[in-house]
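So you know, we letter chains A, B, ... as the sequences are listed, proteins then strands, and number each from 1.
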There are 2 protein chains.
Amino acid sequence: MKWSELSDNWCPVARTLSVVGDRWTLLILRDCYLGKSKFEEFAESSGMTRHILAERLKRLVEEGVLERRLYSAAPKRYDYVLTEKGEELRPALRIMKDWGKKHMPVRREAKA
Amino acid sequence: MKWSELSDNWCPVARTLSVVGDRWTLLILRDCYLGKSKFEEFAESSGMTRHILAERLKRLVEEGVLERRLYSAAPKRYDYVLTEKGEELRPALRIMKDWGKKHMPVRREAKA
DNA sequence: CCCATAAAGTTTTGTTTTGGAACTTATTAC
DNA sequence: GTAATAAGTTCCAAAACAAAACTTTATGGG
């Protein structure tokens with residue numbers, strides 16, 4: 001079975017993961033919770049490639065987790081803000097933050 | 001940057017995701033929380049291929065989230081049970097379950 | 001003994017996704 | 001008119017994934 005077929009799974013956890021359960025996606029949400037909203041901010045903060053970032057943002061917008069917002073008319077610039085639906089995943093990230101602090105110590109320094 | 005380099009990120013969320021933030025992994029934990037422990041149970045329940053399942057289980061054991069346990073001496077059979085570290089992610093899955101129920105309605109029937 | 005079944009993987013082959021880097025477009029500031 | 005900025009897009013090679021068959025070890029039935 002392909003991962004992309006999870007969206008109609010009987011299990012609500014699986015359906016949730018069909019939106020946020022792949023590489024990088026939850027890191028975009030982390031940045032949103034930290035107040036970031038711009039493409040360049042996500043790219044730099046997360047370390048993911050622009051290629052993947054663009055694809056993930058598109059999907060998060062399609063799924064109603066983020067909203068694409070025109071923040072500058074000329075030149076035309078868009079950024080991404082959390083919807084209420086997106087906000088409601090924040091507690092899950094909070095748990096992952098605490099879990100990481102407790103169980104995943106940093107072994108050596110990294111840049112990003 | 002590669003996803004596999006997240007494990008030493010400054011951000012605890014990123015470090016957590018370096019263990020559970022890829023395709024399928026959290027679905028294995030869901031099955032564990034539902035009481036499943038055997039390779040065949042995970043394979044059937046989640047719909048992932050045996051190939052990927054084997055790789056994910058190995059990593060979860062390496063990271064101390066699951067424990068590989070001999071449950072039959074002859075023939076030698078192993079299953080996988082949650083450690084305390086693994087148990088402590090359960091609240092995150094609970095939030096994802098509620099979120100899926102609320103925000104991700106099933107559009108058509110699926111088997112798995 | 002011989003064959004089928006069971007469980008936990010491993011291997012193989014082909015397709016899809018990801019990573020890295022360069023390129024595009026529109027507009028402002030110098 | 002030239003460089004800088006921001007938000008992408010495009011290209012190619014490398015890595016991950018999907019599907020299916022195969023392996024190993026042992027049990028139970030005829």
Side-chain angles (χ1 to χ4, degrees), chain A residues 1-7 9 14 17-28 31-32 35-62 66-81 110-112, chain B residues 1-7 9 14 17-28 31-32 35-62 66-81 110-112:
Chain A
M1 184 201 195
K2 277 179 259 174
W3 181 83
S4 57
E5 291 163 26
L6 280 182
S7 56
N9 200 276
L17 292 174
S18 76
V19 180
V20 299
D22 59 1
R23 288 175 159 145
W24 302 109
T25 298
L26 283 173
L27 232 38
I28 296 176
D31 283 345
C32 291
K36 302 187 200 302
S37 70
K38 300 210 179 75
F39 190 94
E40 302 295 332
E41 290 177 320
F42 296 136
E44 199 210 351
S45 164
S46 69
M48 64 195 296
T49 65
R50 320 166 65 69
H51 180 61
I52 301 299
L53 174 56
E55 190 275 333
R56 295 291 192 274
L57 286 172
K58 196 170 114 195
R59 199 151 48 76
L60 287 170
V61 169
E62 280 167 8
L66 298 181
E67 191 194 326
R68 190 164 180 262
R69 180 184 62 171
L70 184 73
Y71 75 90
S72 158
K76 267 195 175 133
R77 296 270 190 264
Y78 297 90
D79 68 351
Y80 298 87
V81 290
K111 284 186 202 153
Chain B
M1 183 201 194
K2 277 180 259 173
W3 181 83
S4 58
E5 290 162 26
L6 281 181
S7 55
N9 199 277
L17 292 174
S18 78
V19 180
V20 299
D22 60 1
R23 288 174 161 154
W24 301 111
T25 299
L26 283 173
L27 233 37
I28 296 176
D31 283 346
C32 291
K36 301 186 198 303
S37 71
K38 301 210 180 76
F39 190 94
E40 303 293 333
E41 290 177 318
F42 296 136
E44 200 210 349
S45 163
S46 69
M48 64 195 296
T49 66
R50 319 167 66 70
H51 181 62
I52 300 299
L53 175 57
E55 190 273 336
R56 294 291 192 275
L57 286 171
K58 198 171 111 195
R59 200 153 47 77
L60 287 170
V61 169
E62 280 168 9
L66 298 181
E67 192 193 326
R68 188 163 182 264
R69 181 184 62 172
L70 184 74
Y71 76 90
S72 159
K76 267 195 175 131
R77 298 270 190 264
Y78 297 89
D79 68 352
Y80 299 86
V81 289
K111 285 187 199 152

N-O pairing of A:Asp79 and A:Lys38 below 4.0 Å
no

Out of C:dG9, D:dT9, C:dA8, which nucleotide sits closest to the side chain of B:Tyr80?
C:dG9

Are OP1 or OP2 of C:dT25 and a side-chain N or O of A:Tyr78 less than 4.0 angstrom apart?
no

With respect to the phosphate group of D:dA6, does any side-chain polar atom (N or O) of A:Tyr71 fall under 4.0 Å of OP1 or OP2?
no

Between B:Gly21 and B:Trp3 the two heavy atoms that sit nearest each other are C-CZ2, 3.7 Å

Looking for any heavy atom pair under 4.0 Å, which part of the strands does A:Phe42 touch: base, sugar-phosphate only, or nothing?
nothing

For nucleotides 14-18 of chain C, give me every protein contact, N/O to N/O, under 3.5 Å, one pair per line with atom names.
from: C:dT17; atom 1: O3'; to: B:Arg23; atom 2: NH1; distance (Å): 3.1
from: C:dT18; atom 1: OP1; to: A:Arg56; atom 2: NH2; distance (Å): 2.9
from: C:dT18; atom 1: OP2; to: A:Arg56; atom 2: NH1; distance (Å): 3.3
from: C:dT18; atom 1: OP2; to: A:Arg56; atom 2: NH2; distance (Å): 3.4

From CD of B:Glu5 over to P of D:dA14, roughly how many Å is that when rounded to an integer?
17 Å

Identify the two heavy atoms, one from A:Arg50 and one from A:Ala43, that lie closest to each other, and give their separation to 0.1 Å.
NH1-CB, 4.4 Å

When rounded to the nearest 0.5 Å, the distance separating OG1 of A:Thr25 from CD of A:Glu55 is 7.5 Å

Single hit among B:Ile28, B:Asp31, B:Leu53 for side-chain contact (heavy atoms from CB on, under 4.5 Å) with B:Ser46
B:Asp31

Heavy-atom contacts, protein to nucleotides 23-30 of chain D, under 4.0 Å, summarised as B (base), S (sugar-phosphate only) or - (none) per nt, yield --BSS---

Testing the basics here: between A:Tyr80 and A:Arg68, what is the closest heavy-atom pair and its distance to 0.1 Å?
OH-NE, 3.4 Å

